[in-house]
Every structure is written in C-alpha cells, then in structure tokens.
Amino acid sequence: MASSPAKVELRELGNTGLKLSCVGFGASPFGNVFGQVSDDDAITSVREAFRLGINYFDTSPYYGGTLSEKVLGKALKAVGVPRHEYIVSTKCGRYIDGFDFSADRVTRSIDESLARLQLDYVDILQCHDIEFGSLDQVVNETIPALQKLKEAGKIRFLGITGLPLEIFTYVLDRVPPGIVDVILSYCHYSINDSTLEDLLPYLKSKGVGIITASPLAMGLLTESGPPSWHPASPELKSACQAAAAYCKEKGKNISKLAMQYSLSNKDISSVLVGMNSVRQVEENVAAALDLETAGKDEETLSELEAILKPVKNQTWPSGIQQR
Ligand code: NAD
C-alpha cells in the first residue's frame, strides 16, 4: 500500500482558533489573471493541494470578474472534501467595475460570493484593497456590516487587505480589539521587499492573524517573469529577472527560495501563493517541506539579496491619497 505523503505544517491564525496550512492556495490564477487555466487544471490542482495538506484557499469577486470564485467553487465541489476540513476566504468592496465599501454593497456581495462558491458560509471575509476607499468608511460602516454578517452565520471571521502598510495601523488603531480578526498583506514579505517585518510586533499586539500573499512578488520572482500588467518599475523588474537568471545558472529555482523566505517567519500563519497547476502545487509544498528539514539556502539567499540591494523595499503606488 502506498504511504501517505508528507503534509505541510498547520499554523494558528491569531485568536481565531483556525489552523491554516502554511502554504495557502491563492486562487486568483483561476480568474485567468496570469494566463488561461482550464477547469480541469483547477480541479486537479485543488485535489493535489488537499492531498499534500493545503487546507486554505483564497479568492475574491474581483479576480477575473467573479471567474475565480466560480472556478474555485466548482473545484471544491468536484473534489468533495467535507466542508469543515477546509478554510475559504473571499473578499468584498473591490469589483471588476470599481470599488464600493458601502454596507449595502458588501452585504449583497457575500450572498453573491456564496452562490458562486456554492458554499453556505466563508471562514473569512476581507475588505479588499481598502486603500482605494475611505478608511473612515471602512472603520465606521464596512466593518460593522461585516460584523452583522458574522452574527448571521455567513462568515466566521473578518479582515482587511491592501498594499500600503499604513492602512493596517490606521484601521486597527480605530476599532476595538477583537473586531478585526485577520489582516492580509501582499508583496511586503518577499526577498525583494520585507517591509512587513517591522509591523509584525504591532500586529501581534493587536491580536490579529497575519496572512501574507504574493511570495513570488506576483511573478517577479519566477523564471518566466511577471505578467504584462505588473505595476513594478522597469528597474525592479529587471533586477528580479537578473536574480532569477543568476539562480538558474547556479542550478537553483528562484521561486523555491522565495517561498522559503516567506515561510520561514512563523508569525505569518499562511503564505498565499497563486497556483494553477499540479506541478506548482507540488513545487511549493516541496519548498515548505524542504525548509522544515534542511532550512533556508542562506548562501544563495544572501547572493540574491546582494543582486536585489539597489531595489530593496521598492514598491509602487496603490490607492487614493486621503490623509
Ligand atoms: P504570487 O507571488 O503568488 O505569484 C503567482 C504567480 O507565480 C502565478 O503566475 C503562478 O502561476 C506562479 N507560480 C506559482 N508557483 C510557482 C512556482 N513554484 N514556480 C514558478 N511560478 C509559480 O502572486 P499572487 O497570485 O498575486 O498572490 C497569491 C495569492 O494571494 C493570490 O492568488 C490571492 O489569492 C492573494 N492576494 C491577495 C491580495 C489582496 O488581497 N489585495 C493581493 C495579492 C494576492
């Protein structure tokens, strides 16, 4: 009989009581944002993810204009794992036709998301990229609306996401403790940008669960490079491509090193990586398992950090100026 495969580590998410796989399944690729993904590839990727211990899946109505939620829902149904064995987060407030963080819109939004996902509830609902809305509206209107959805049993926990790190302190300093359960930060805990690190003690003091996304910097830290819509400067893109080429020459995979970099901080409960194939699922899980047994490849990482030094912590503008 075949032995069962090694599975990725589960980590507690703040005070939620949830235990998330440290490698989280980012389902934005199911919205075809990184190229076409067939339903078959989506289903086989999700099946393989479960087999290797991934229990956390993230999507949004924004990804592919609702396509990601529909395809994830179809894949979860096809694979048929019992609902209590996995964790799903989706988002509200950001849509293909714009932003709307009003109580009315986010309250309708969850029903639409649940229908597309073919689920009765989601574990986490997050206000999506709040730097594009009024942060005061998020504090005073959107979060209270999400609390009502919690009471109605449509969501178990609520959170906020976005790129600029100041949005997290702005909101968390203005809501009572225990109201915001989770924050999701992206592109700030990767080899080229690790600015989230300084905020971790604050986030822990607020008792929020910490999820990071885009360990591959939305494709910058891959051999094939980022999609055409990637917002990085030409300088940042070419430095990352030079780092990827250096790794390849050395017989190393930059995506593996990038995953391990993000996974190595255990204050981060889950690292969401966008995946669209069984091979990517297997590679990212292998990166996590190798990290547990062999640790980080410190030598190559410090070489990469040297290549990326001129662009270290360089980011790009996101959102509207409001303060
Ligand atoms: P990412 O850094 O995870 O990169 C994804 C890209 O890398 C895709 O093209 C994918 O096919 C490719 N890839 C994945 N594994 C690979 C491997 N082993 N080798 C080579 N290439 C590989 O960026 P992302 O998808 O934007 O982020 C991950 C997830 O986090 C998203 O799917 C989404 O769920 C979430 N996210 C949320 C927000 C937000 O809430 N504002 C922002 C960004 C990401």
Side-chain angles (χ1 to χ4, degrees), residues 20 23-37 41-42 45 48-49 54 56-64 67-69 71-72 87-94 99 124-133 159-165 167-168 182-193 196 211-232 240 244 247-248 252-263 268 270-288 290 315-316 318-319:
L20 268 54
V23 177
F25 196 116
S28 69
F30 292 177
N32 291 340
V33 297
F34 292 98
Q36 286 291 120
V37 182
D41 280 342
S45 310
E48 185 65 356
I54 292 176
Y56 173 42
F57 300 83
D58 176 70
T59 181
S60 163
Y62 173 63
Y63 301 147
L67 183 64
S68 166
E69 285 190 331
V71 174
L72 179 62
I87 293 152
V88 173
S89 57
T90 191
K91 310 193 184 83
C92 61
R94 181 168 201 175
F99 292 85
I124 308 168
L125 183 64
Q126 304 163 109
C127 307
H128 195 173
D129 292 344
I130 59 173
E131 68 270 27
F132 287 94
I160 49 176
T161 83
L163 184 72
L165 293 171
I167 60 168
F168 299 119
V182 182
I183 68 101
L184 187 164
S185 165
Y186 72 100
C187 285
H188 288 312
Y189 205 99
S190 332
I191 306 175
N192 57 303
D193 180 340
L196 181 67
I211 295 168
T212 63
S214 313
L216 312 182
M218 304 191 305
L220 285 178
L221 302 175
T222 61
E223 276 175 18
S224 51
S228 57
W229 51 259
H230 200 292
C240 290
C247 278
K248 194 172 182 186
K252 309 268 179 177
N253 183 327
I254 193 160
S255 300
K256 178 177 178 181
L257 286 147
M259 275 306 291
Q260 292 187 334
Y261 183 93
S262 295
L263 286 164
I268 294 166
S270 190
V271 174
L272 278 166
V273 56
M275 297 188 275
N276 58 24
S277 67
V278 167
R279 206 195 79 197
Q280 287 181 356
V281 172
E282 288 175 346
E283 280 182 10
N284 294 326
V285 167
D290 285 359
T315 184
W316 47 85
S318 178

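Owing to the predicted nature of the structure, the values given are computational and were not obtained by experimental measurement. Atoms within each ligand, like the ligands themselves, are counted from 1 in listed order. Along the sequence shown, the residues carry numbers beginning at 1.
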Atoms in ligand 1 with a heavy atom of Asn276 nearer than 4.0 Å | 11 (O)

Is it the side chain (CB and beyond), the backbone, both or neither of Ser60 that lies under 4.0 Å from ligand 1, heavy atoms counted?
-> neither

Would you find a donor on one side and an acceptor on the other, under 3.5 Å apart, between the side chain of Glu131 and the backbone of Ile167?
-> no

Could you tell me whether the side chain of Lys248 and the main chain of Asn253 form a donor-acceptor pair under 3.5 Å?
-> no

Under 4.0 Å from any heavy atom of Asp58, which atoms of ligand 1 are there?
-> 33 (C), 34 (O), 35 (C)

Below 4.0 Å from any atom of ligand 1, is there a heavy atom belonging to Lys91?
-> yes

Closest non-hydrogen protein atom to atom 6 (C) of ligand 1, residue and atom name please, with distance?
-> Phe34 CE2, 4.0 Å

What protein heavy atom is closest to atom 30 (O) of ligand 1, reported as residue, atom name and distance in Å?
-> Ala213 CB, 3.1 Å

Assign the ring pair His128 / Tyr62 to parallel, tilted or perpendicular, where the plane angle (0 to 90°) is split at 30° and 60°.
-> perpendicular

Specify the protein heavy atom at minimum distance from atom 29 (C) of ligand 1: its residue, its atom name, and the distance to 0.1 Å.
-> Gly26 CA, 3.7 Å

Close side-chain approach of Trp316 to Leu163, heavy-atom, < 4.5 Å | yes

Can you pull out the closest protein heavy atom to atom 12 (C) of ligand 1? Residue, atom name and distance to 0.1 Å, please.
-> Gln280 NE2, 3.8 Å

State, without any angle test, whether Ser277 and Asp41 hold a side-chain donor-acceptor pair at a distance under 3.5 Å.
-> no

Just distances here: any N/O of Gly274 and N/O of ligand 1 closer than 3.5 Å?
-> yes

His230 side chain to Ala217 backbone, donor-acceptor under 3.5 Å | yes

Subset of ligand 1 atoms that lie under 4.0 Å from at least one heavy atom of Ala27 | 32 (O), 34 (O)

Is a side-chain donor or acceptor of Ser89 paired with a backbone partner of Leu125 at a separation under 3.5 angstrom?
-> no

Protein residue, atom and distance nearest to atom 15 (N) of ligand 1, heavy-atom basis | Asn284 ND2, 3.0 Å

What's the shortest distance from atom 1 (P) of ligand 1 to any protein heavy atom, and which residue and atom give it?
-> Ser214 CA, 3.6 Å

Does the side chain of Asp129 come within less than 4.5 Å of Thr161's, by heavy atoms?
-> yes

Output the distance between atom CD1 (Ile211) and atom CD1 (Ile124), rounded to the nearest 0.5 Å.
-> 4.5 Å

Can you list the atoms of ligand 1 that are under 4.0 Å from a heavy atom of Pro29?
-> 32 (O)

Leu184 N/O to ligand 1 N/O under 3.5 Å | no

With heavy atoms and a 4.0 Å threshold, my read on which part of Pro215 contacts ligand 1 is both

Would a 4.5 Å heavy-atom cut-off, applied to side chains only, mark Pro231 and Met218 as touching?
-> yes

Got an N/O contact under 3.5 Å between Thr222 and ligand 1?
-> no

Glu283 to ligand 1: N or O pair under 3.5 Å?
-> yes

Does a side-chain heavy-atom distance below 4.5 Å link Phe34 with Pro226?
-> no

Do the non-hydrogen side-chain atoms of Ile183 and Gln126 ever get within less than 4.5 Å of each other?
-> no

How does Ser28 reach ligand 1, if at all, at less than 4.0 Å between non-hydrogen atoms: by side chain, backbone, both, or neither?
-> both

Pick one of side chain, backbone, both or neither for how Leu272 approaches ligand 1, counting any non-hydrogen atom pair under 4.0 Å.
-> both

Ligand 1 versus Leu216, non-hydrogen atoms closer than 4.0 Å: side chain, backbone, both, neither?
-> both

Have a look at ligand 1 and work out which part of Met218, if any, has a heavy atom under 4.0 Å from it: side chain, backbone, both or neither.
-> both

Look at the side chain of Ser255 and the backbone N and O of Leu221, then say whether any donor-acceptor pair between them is shorter than 3.5 Å.
-> yes

Tell me: protein heavy atom nearest atom 20 (C) of ligand 1, and distance?
-> Ser255 OG, 3.5 Å

Heavy-atom distances under 4.0 Å are what count here, so tell me which part of Asp129 touches ligand 1: side chain, backbone, both or neither.
-> side chain

Would you find a donor on one side and an acceptor on the other, under 3.5 Å apart, between the side chain of Ser262 and the backbone of Tyr189?
-> yes

Thr161 neighbourhood, listing ligand 1 atoms whose heavy-atom distance to it stays under 4.0 Å = 39 (C), 40 (O), 41 (N)

Mind checking whether Gln126 contacts ligand 1 via backbone (N, CA, C, O), side chain (CB onward), both or neither, at a 4.0 Å heavy-atom cut-off?
-> neither

Does Tyr63 have a heavy atom less than 4.0 Å from any atom of ligand 1?
-> yes

The residue among Val37, Leu72, Asn32 that forms side chain to side chain contact (heavy atoms under 4.5 Å, CB included) with Leu67 is Asn32

With the side chain counted from C-beta on, respond yes when Met259 and Val23 share a heavy-atom pair under 4.5 Å apart, and no when they do not.
-> yes

Could you tell me whether His128 approaches ligand 1 through its side chain, its backbone, both or neither, with non-hydrogen atoms closer than 4.0 Å?
-> side chain

Near Gly219 (heavy-atom distance under 4.0 Å), the atoms of ligand 1 are 4 (O)

